[in-house]
Amino acid sequence: IGEAPEKKVAKNNVAAMRQKLAEMQKNLPWIERLDLVNAPAPLAPELAFKEDLHGKERATRLQQEKAGITLEKDEVHNDFKREMMFYRQAQAAVLEAIPRLHSMNIRTKRPVDYFAQMAKTDEHMNKIRTKLLSKEQGQERAE
Amino acid sequence: TSDEPPAKQTKWINKTRVLVLAARGISFRGRHLMDDMFHMMPHAKSDSKMQKKESLFAVNEIAEMKNCSRVLLVEGRRKRDLFLWAAVVARGPSVKFEVENIHTMAELKMTGNCLAASRPLLSFSTDFSDKAEMHWQLVKELLTGIFTIPNHHPKSQPFFDHVYTFSIVDGKVWFRNYQILEEDGALAEIGPRMVLNPIKIFDGAFCGQTLWENSSYVTPCAKRSMLKKVQAGKYQNRLQ
């Protein structure tokens with residue numbers, strides 16, 4: 001019987017990493033970096049309602065399919081919950097950063113008549129719109 | 001009115017430039033992801049794809065020629081696995097991530113949109129705070145240095161209409177990009193989406209000592225072979 005192979009110890013050189021971190025930091029003011037550390041924003045009532053609704057929907061669907069898994073183990077619902085967490089984190093960031101920018105007298109909102117290149121083209125946005133519309137219509141028809 | 005001269009350039013101190021580059025055999029999905037990121041970074045520069053034979057260390061030279069101090073390098077393996085390097089040129093450090101669960105901006109289910117060159121807010125989850133483990137702090141500093149657009153960058157837009165979020169779930173960094181619809185916190189997702197699984201942190205740029213490694217990391221190949229073994233076992237069980 002052979003001995004179990006010696007377990008490799010994962011490297012974790014904290015001191016060197018601390019030094020590297022100090023080297024990288026350039027002491028720029030916050031406005032140059034715009035980084036924030038946020039906990040998720042408190043669950044807004046409409047989001048709580050959405051999550052609750054999704055949970056119920058999944059529970060009935062699981063029961064119908066007799067999948068034999070509980071809501072806690074349901075991957076689809078967990079995905080939904082996780083995305084909600086990310087969304088709330090982004091919300092917290094907005095709620096913290098926008099007042100901070102305003103306090104520095106920086107304009108944040110884009111005027112309606114301001115035109116510049118967008119991340120997605122108009123053509124692409126139209127595609128998204130038609131897809132959303134057809135989805136909605138399909139749902140209405142189903143009802 | 002349009003008669004007014006364009007606003008005079010104010011101070012532009014942070015001259016960081018980022019080289020966004022591909023190396024060896026990335027798939028179309030990897031290329032789209034890279035392009036999505038590149039188009040939202042007015043401070044980024046690109047170069048032609050690296051040759052297979054070139055060692056990654058040569059990136060340092062390319063970056064220097066392009067006046068870049070940071071690098072974001074996308075590397076593909078076996079035409080399906082994608083890796084992302086984030087590095088500070090020459091002095092280091094550099095991090096290698098495996099990229100999982102990629103959704104590009106071209107997908108139709110994400111309804112948000114933003115200015116191509118507006119500066120993003122960077123939101124990190126509390127796992128990245130000053131009291132967090134050292135390697136997460138390092139990753140935060142690296143990602144901030146790469147993704148933040150310098151203030152008053154000539155090609156940037158002066159408004160704030162999107163947020164990048166980086167959160168840790170399962171020991172991996174989950175990236176999302178949201179449009180700010182209303183300033184009271186209504187958002188819509190823009191994309192792209194990706195999950196970055198950190199593998200190693202190196203002392204230098206694409207070289208040097210390993211400062212940290214992920215003890216629970218399994219290569220995508222090993223993952224697939226494990227999955228195959230499990231499936232093979234299933235068939236054996238059925239025969240018996």
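Below, chain A is the first sequence line, B the second, and so on; all start at residue 1. All values reported here derive from a predicted model rather than from experimental measurement.
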Most heavy-atom pairs under 4.5 angstrom with chain B, which of Val14(A), Leu101(A), Leu28(A)? Leu101(A)
Could you state the interatomic distance from CZ (Arg176(B)) to CD (Glu83(A)), rounded to the nearest 0.5 Å? 4.0 Å
So do Arg110(A) and Gln157(B) actually touch side chain to side chain, heavy atoms under 4.5 Å? no
Distance col, row Ile13(B):CD1 vs Lys26(A):NZ, nearest 0.5 angstrom, shows 10.0 Å
Find out whether Gln117(A) and Leu115(B) are in side-chain contact, i.e. whether some heavy atom of one side chain is under 4.5 Å from a heavy atom of the other. no
When you measure from the side chain of Asn38(A) to the backbone N and O of Ser123(B), does any donor-acceptor pair fall under 3.5 Å? no
Portion of Arg82(A) that has a non-hydrogen atom of chain B nearer than 4.5 angstrom: side chain
Under 4.5 Å between any side-chain heavy atoms of Val37(A) and Lys140(B), yes or no? yes
OG1 on Thr165(B) to CG on Leu36(A), rounded to 0.5 Å: 11.5 Å
Please look at Leu21(A) and chain B and tell me whether the side chain, the backbone, both or neither of the residue comes under 4.5 angstrom of a heavy atom of that chain. both
Out of curiosity, Leu108(B) CG to Met125(A) CE, how far, rounded to the nearest 0.5 Å? 10.5 Å
Contact leader toward chain A among Asp130(B), Asp127(B), Ile149(B), Thr210(B), where contacts are heavy-atom pairs under 4.5 Å: Thr210(B)
I'd like to verify something: which residue of Thr126(B), Asn113(B), Asn151(B), Val163(B) has the highest number of heavy-atom pairs under 4.5 Å with chain A? Asn113(B)
So what's closer than 4.5 Å to chain B heavy atoms on Ile128(A): side chain, backbone, both or neither? both
According to the interplanar angle, ranging from 0 to 90°, do the rings of Trp174(B) and Phe86(A) count as parallel (below 30°), tilted (30 to 60°) or perpendicular (above 60°)? tilted
Among Ser215(B), Pro120(B), Cys114(B), who wins on heavy-atom pairs under 4.5 Å with chain A? Cys114(B)
What part of Ile31(A) gets closer than 4.5 Å to chain B, counting heavy atoms only: side chain, backbone, both or neither? both
Could you tell me which portion of Met17(A) (side chain, backbone, both or neither) has an atom closer than 4.5 angstrom to a non-hydrogen atom of chain B? both
Among Lys131(A), Lys127(A), Arg18(A), who wins on heavy-atom pairs under 4.5 Å with chain B? Arg18(A)
When rounded to the nearest 0.5 angstrom, what is the spacing between CG in Asn214(B) and CG in Asn12(A)? 10.5 Å
Using non-hydrogen atoms only, which part of Gln19(A) is less than 4.5 Å away from chain B: side chain, backbone, both, or neither? neither
Would you check if there is a donor-acceptor pair between the side chains of Ser125(B) and Gln89(A) at a distance under 3.5 Å? no
Do the side chains of Thr148(B) and Glu32(A) get nearer than 4.5 Å, heavy atoms only? no
Validation row: Ile106(A), Phe160(B) side chains within 4.5 angstrom (heavy atoms): yes
Below 4.5 Å, heavy atoms only, C-beta onward: do Arg33(A) and Asn14(B) meet side chain to side chain? no
Look up atom NZ in Lys109(A) and atom CG in Asp161(B), then write down how far apart they are to the nearest 0.5 Å. 11.0 Å
